[in-house]
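Each remark here refers to the structure printed beneath this line.
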Amino acid sequence: MTKDSTHESSMFAVNSLGWIGWLLTVIFFIINYKVTKSARHKDRMQKNIEKYLELVQKIEDDSLDYWINPDTKIFMPHLIIKCRRLTNLSKLMQSYDDDYIAPQEEFVRFKQAVTLEASNNVRPISGNSGKAQLIMAASHNLQEWHLKKLNTFT
Amino acid sequence: MSSNVLRVADFSIFPGPRYEVLGPASGEEFRDTKLLPALREHGANLIIDLDGVISYGSSFLEESFGGAVRSGIDPAVLLKVIENIICNDEPTLKFEIESYVKEQTSQL
């Protein structure tokens with residue numbers, strides 16, 4: 001083997017190693033991007049579901065105060081707006097994840113329990129009344145649905 | 001003939017309580033001054049636009065739509081109208097309003 005052909009072989013090997021190095025870098029970059037994107041998505045959905053759960057609990061507490069406490073400082077328009085914020089959060093999560101389909105019935109039952117006034121508009125009610133139980137049960141169902149959803153992201 | 005589109009935001013951007021005695025922009029007022037006249041004029045061709053409003057309480061919705069059935073509107077016509085309801089801001093409103101109409105229908 002001449003000196004020139006040895007030198008050419010070496011250069012070829014170095015060039016090949018260079019290309020392989022680049023290829024590996026690109027492959028690792030793509031894998032890293034996909035892994036961190038998936039992790040970011042999970043984290044984002046987790047945080048929003050936790051926010052949703054907190055808000056449901058807050059609405060439950062506020063609405064029980066509204067309905068039971070004669071000296072409540074809570075007022076109905078505020079409860080209504082808070083329910084709207086739940087809808088906004090749901091829409092946000094739906095925009096992040098096609099698999100998140102907001103639980104229509106559970107949400108509507110919760111909103112009705114919180115904001116639907118009977119025709120006789122009786123307030124305050126007892127903490128043991130059917131209305132109070134309805135609020136707590138509807139809140140529980142809505143939270144349960146989202147807790148199950150949360151588990152799919154952990 | 002007036003437009004067959006009824007925009008709730010033109011009535012109020014914050015629909016109020018159930019009855020007129022409880023406050024402004026009530027479900028009772030909306031039903032009697034806007035919804036019933038529009039239904040009588042346009043029937044199943046009426047398009048109701050619920051968007052552009054801050055939010056709806058369940059009492060407002062029940063008194064408006066459930067109340068429309070109690071006022072003698074044919075539930076079948078109302079359900080047809082609800083099929084075409086516009087509610088992109090709060091998609092669950094369609095389901096909720098349907099439930100009020102169906103509940104009233106079952107009590108007829």
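Everything quoted here is computed from the prediction, not taken from an experiment. All chains are named by letter (A, B, ...) in the order of the sequence lines, taking the proteins before the strands, and each is independently numbered beginning at 1.
- Only the side chain of B:Glu62 has a heavy atom closer than 4.5 Å to any heavy atom of chain A.
- Within the model, atoms NZ of A:Lys82 and OG of B:Ser55 stand 13.0 Å from one another, a figure rounded to the nearest 0.5 Å.
- For the options A:Val114, A:Leu79, A:Thr115, heavy-atom pairs under 4.5 Å to chain B are most numerous at A:Thr115.
- Cluster annotation: B:Ile85 and B:Val53 are assigned to the same hydrophobic cluster (Ile/Leu/Val/Met/Phe/Trp/Tyr, side-chain heavy-atom contacts under 4.5 Å, transitive).
- For A:Asp98, the CG atom is loosely surrounded, since the number of other residues' heavy atoms within 6.0 Å does not exceed 12.
- The shortest side-chain heavy-atom distance between B:Leu93 and A:Lys111 falls under the 4.5 Å cut-off.
- Only the side chain of B:Phe14 comes within less than 4.5 Å of a heavy atom in chain A; its backbone stays farther off.
- Closest non-hydrogen pair, B:Ser58 versus A:Gln112, comes out as OG-CA, 3.5 Å.
- In this structure, B:Tyr100 is not a member of the same hydrophobic cluster as B:Ile86, with clusters built from ILVMFWY side-chain heavy atoms closer than 4.5 Å.
- Under the 4.5 Å side-chain heavy-atom criterion for grouping Ile, Leu, Val, Met, Phe, Trp and Tyr, A:Met136 is connected to A:Leu147 within one hydrophobic cluster.
- Looking at B:Ser59 and A:Met76, their side chains never come closer than 4.5 Å, going by heavy atoms from C-beta outward.
- A pairwise comparison of heavy atoms in B:Asn88 and A:Lys91 identifies O-NZ, 3.0 Å as the closest pair.
- Note that CD of B:Glu96 and CD of A:Glu105 are 12.0 Å apart. Values are rounded to the nearest 0.5 Å.
- A distance of 10.0 Å separates OG of B:Ser99 from CD of A:Gln104, quoted to the nearest 0.5 Å.
- Both A:Trp145 and A:Tyr96 are assigned to one and the same hydrophobic cluster, defined by single-linkage of ILVMFWY side chains at heavy-atom distances under 4.5 Å.
- A:Glu117 approaches B:Arg18 most closely through the heavy-atom pair O-NH2, 2.7 Å.
- Put simply, A:Trp19 and A:Phe28 are part of two different groups of oily side chains (I, L, V, M, F, W, Y) that touch within less than 4.5 Å, one to the next.
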